[in-house]
Amino acid sequence: MKNLGTICVQGGYEPGNGEPRQIPIIQSTTFKYDSSETMGKLFDLEASGYFYSRLANPTCDHVAARICALEGGSAAMLTGSGQAANFYAVFNLAGCGDHVVCSSAIYGGTYNLFNVTMRRMGIDFTFVHPDCTNEELEAAFKPNTKAVFGETIANPALTVLDIERFANAAHAHGVPLIVDNTFPTPVNCRPIEWGCDIVTHATTKYMDGHGSTVGGCIVDSGRFDWMAHADKFPGFTTPDESYHGVVYAEKFGNEGAYINKCTAQLMRDLGSVCAPQTAFYIGLGLESLHLRMAQHCKNALAVAEHLQQHEKIAWVNYPGLPSSKSHALAEKYLPNGSCGVVSFGIKGGRDAAERFMSALKLAIIATHVADAHSCVLHPANATHRQLSDSELVDAGITPDLIRLSVGIEDIRDIIADLDQALERA
Ligand SMILES: *Cc1c(COP(=O)(O)O)cnc(C)c1O
């Protein structure tokens, strides 16, 4: 299977003769075996097979395999949310006493996870602006740095990460680059092709695409050489006593070490599983991802261009607009379109923004982005309300910023709705 549109529809699941055409929902906690010896081998990771759905479930595996194929990775796993995906992705590499370099323009929930909760676990973070100089990026690394993290298109700042530059910096320091690719999806950008090692997703957004399920995914490129950096990553290169002394990098190679370790240790102990029913919805969403992304991008560009020339609008930010600070990076990394999210400010600041938002009829106010329905949010008042004003600026969010997630409704109705609400702002 070669092309993306085909992988969206058929990737990760090939039914045999007489088997269901749609990915079956295996709604079962456990799996039956004839002998406890067989079962023991599964527990010891000596044989592969299903035994308990906290560790692996066929429905989830088919859907993870589809996302893995879309990203061009070697292995993947689903998680119960995007938050869990980013937590696991980092925690699989860094523990107490370690350090992570992170782009400051990231999703508010991820920022809080890193800056508050993971700091409490003894992990240190240095935040750098995605457009920082090479010298600033270099200066962020420490001897105990274990990973670099960024978002392809930051939610909601909409800055584009120079993936190649961040990957080169990470690799020069012998650590992997993790990229949250939620906003562009693999339809618009495949970070692994630019040197990224690990890709994460909130499948909650465009992958599900209909606002129906919270979920996440981690994809490993299989390219990071753990043995070559054995001193930094003993968790991959020395025996795991909690799993009968398995050495992940030896047993699973570079292709499988990361995801197997993440499943065997983190999913086993922390249990943020994706339900089979949820995985099914994600699989269904993926079948139209390529069509929906094209429509989201087309509609969003039309909205951005319309707002840009509107007299009541102070500024518009959309990676597809030549006026965007990230436009050059968008042309490099997102030549076919970026995402459906547009941010802008209204003349009259915070109050005008509130009046505008309540006047919208088609675009609803929701703490959600990136699904078929148009929706709108004021991050300073919602997703990013725990951030101080200076943290907001670092994250690329001004107090007047309105985040509009442009859906796939008819563009004429979307623009008419914006116009009537601007009229009342
Ligand atoms: C929404 C989002 C998350 C968190 O995902 P949840 O499924 O809500 O936990 C992480 N990263 C980005 C870029 C997001 O947009």
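In listed order, ligands and their atoms are each counted from 1.
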Asker: Quick one: which ligand 1 atoms are inside 4.0 Å of a heavy atom on N155?
Answerer: 14 (C), 15 (O)
Asker: Going by the atom numbers of ligand 1, which of them fall below 4.0 Å from some non-hydrogen atom of G82?
Answerer: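 Those qualifying, in numeric order: 4 (C), 5 (O), 6 (P), 7 (O), 9 (O).
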Asker: Does A154 have a heavy atom less than 4.0 Å from any atom of ligand 1?
Answerer: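 Not so, A154 does not reach ligand 1.
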Asker: Looking only at heavy atoms, is any part of T203 under 4.0 Å from ligand 1, and if so is it the side chain, the backbone, or both, or is it neither?
Answerer: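 Neither; no heavy atom under 4.0 Å.
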Asker: Which of the numbered atoms in ligand 1 are below 4.0 angstrom from a heavy atom of N86?
Answerer: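 With N86 as reference, the close atoms of ligand 1 come out as 10 (C), 11 (N).
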Asker: For H173 and F141, take the angle between the two ring planes, folded into 0 to 90°, and tell me which bin it lands in: parallel under 30, tilted 30 to 60, perpendicular over 60.
Answerer: parallel
Asker: For atom 2 (C) of ligand 1, what's the nearest protein heavy-atom neighbour? Residue, atom name and distance, please.
Answerer: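 Scanning the protein heavy atoms, the shortest distance from atom 2 (C) of ligand 1 goes to K205 NZ, 2.5 Å.
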Asker: For ligand 1, which atoms have a heavy atom of S81 less than 4.0 angstrom away?
Answerer: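 By the 4.0 Å cutoff, the relevant atoms are 7 (O), 9 (O).
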Asker: With a cut-off of 3.5 Å and sequence neighbours excluded, list every side-chain donor-acceptor pair involving residues 270-279.
Answerer:
{"residue": "S272", "atom": "OG", "partner": "Y88", "partner atom": "OH", "Å": "2.8"}
{"residue": "Q277", "atom": "NE2", "partner": "Y281", "partner atom": "OH", "Å": "3.3"}

Asker: Walk me through whether S374 and E409 qualify under side chain to side chain donor-acceptor pair (under 3.5 Å).
Answerer: CA-CA 7 Å; S374 289; E409 300 94 344; 2.8 Å; yes
Asker: Counting only heavy atoms, tell me which of F183, Y107, Y111, F87 gets closest to atom 8 (O) of ligand 1.
Answerer: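 Ranked by closest heavy atom to atom 8 (O) of ligand 1, first place is Y107.
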Asker: Indicate the ring-plane relationship of H306 and H310, choosing parallel, tilted or perpendicular according to the 30° and 60° boundaries.
Answerer: perpendicular
Asker: Can a side-chain donor-acceptor contact be found between N86 and Q83 if the only test is distance below 3.5 angstrom?
Answerer: no
Asker: Which one of D180, I106, V214 has a non-hydrogen atom at the shortest distance from atom 11 (N) of ligand 1?
Answerer: D180
Asker: Would you say H99 and T145 are linked by a side-chain donor-acceptor pair, where the criterion is simply a distance under 3.5 Å?
Answerer: yes
Asker: Heavy-atom contacts with Q83 under 4.0 Å: which atoms of ligand 1 show up? List them by number with element.
Answerer: 4 (C), 5 (O), 6 (P), 9 (O)
Asker: Which atoms of ligand 1 are found less than 4.0 Å from any heavy atom of T204?
Answerer: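 Here the atoms of ligand 1 in question are 6 (P), 7 (O).
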Asker: Could you list which atoms of ligand 1 come closer than 4.0 Å to a heavy atom of G215?
Answerer: 7 (O)
Asker: Do the side-chain N and O atoms of N188 and Y333 include a donor-acceptor pair separated by under 3.5 angstrom?
Answerer: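 Distance-only check fails for N188 and Y333.
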Asker: Does a side chain donor of either Y50 or D61 reach within less than 3.5 Å of an acceptor in the other side chain?
Answerer: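 Yes.
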Asker: Below 3.5 angstrom, do we get any N/O pair linking E151 and ligand 1?
Answerer: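 Not met; the criterion fails.
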Asker: Taking atom types as modelled, find out whether H368 and S405 have a side-chain donor-acceptor pair closer than 3.5 angstrom.
Answerer: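 There is no such pair (donor and acceptor under 3.5 Å, judged by atom type) between the side chains of H368 and S405.
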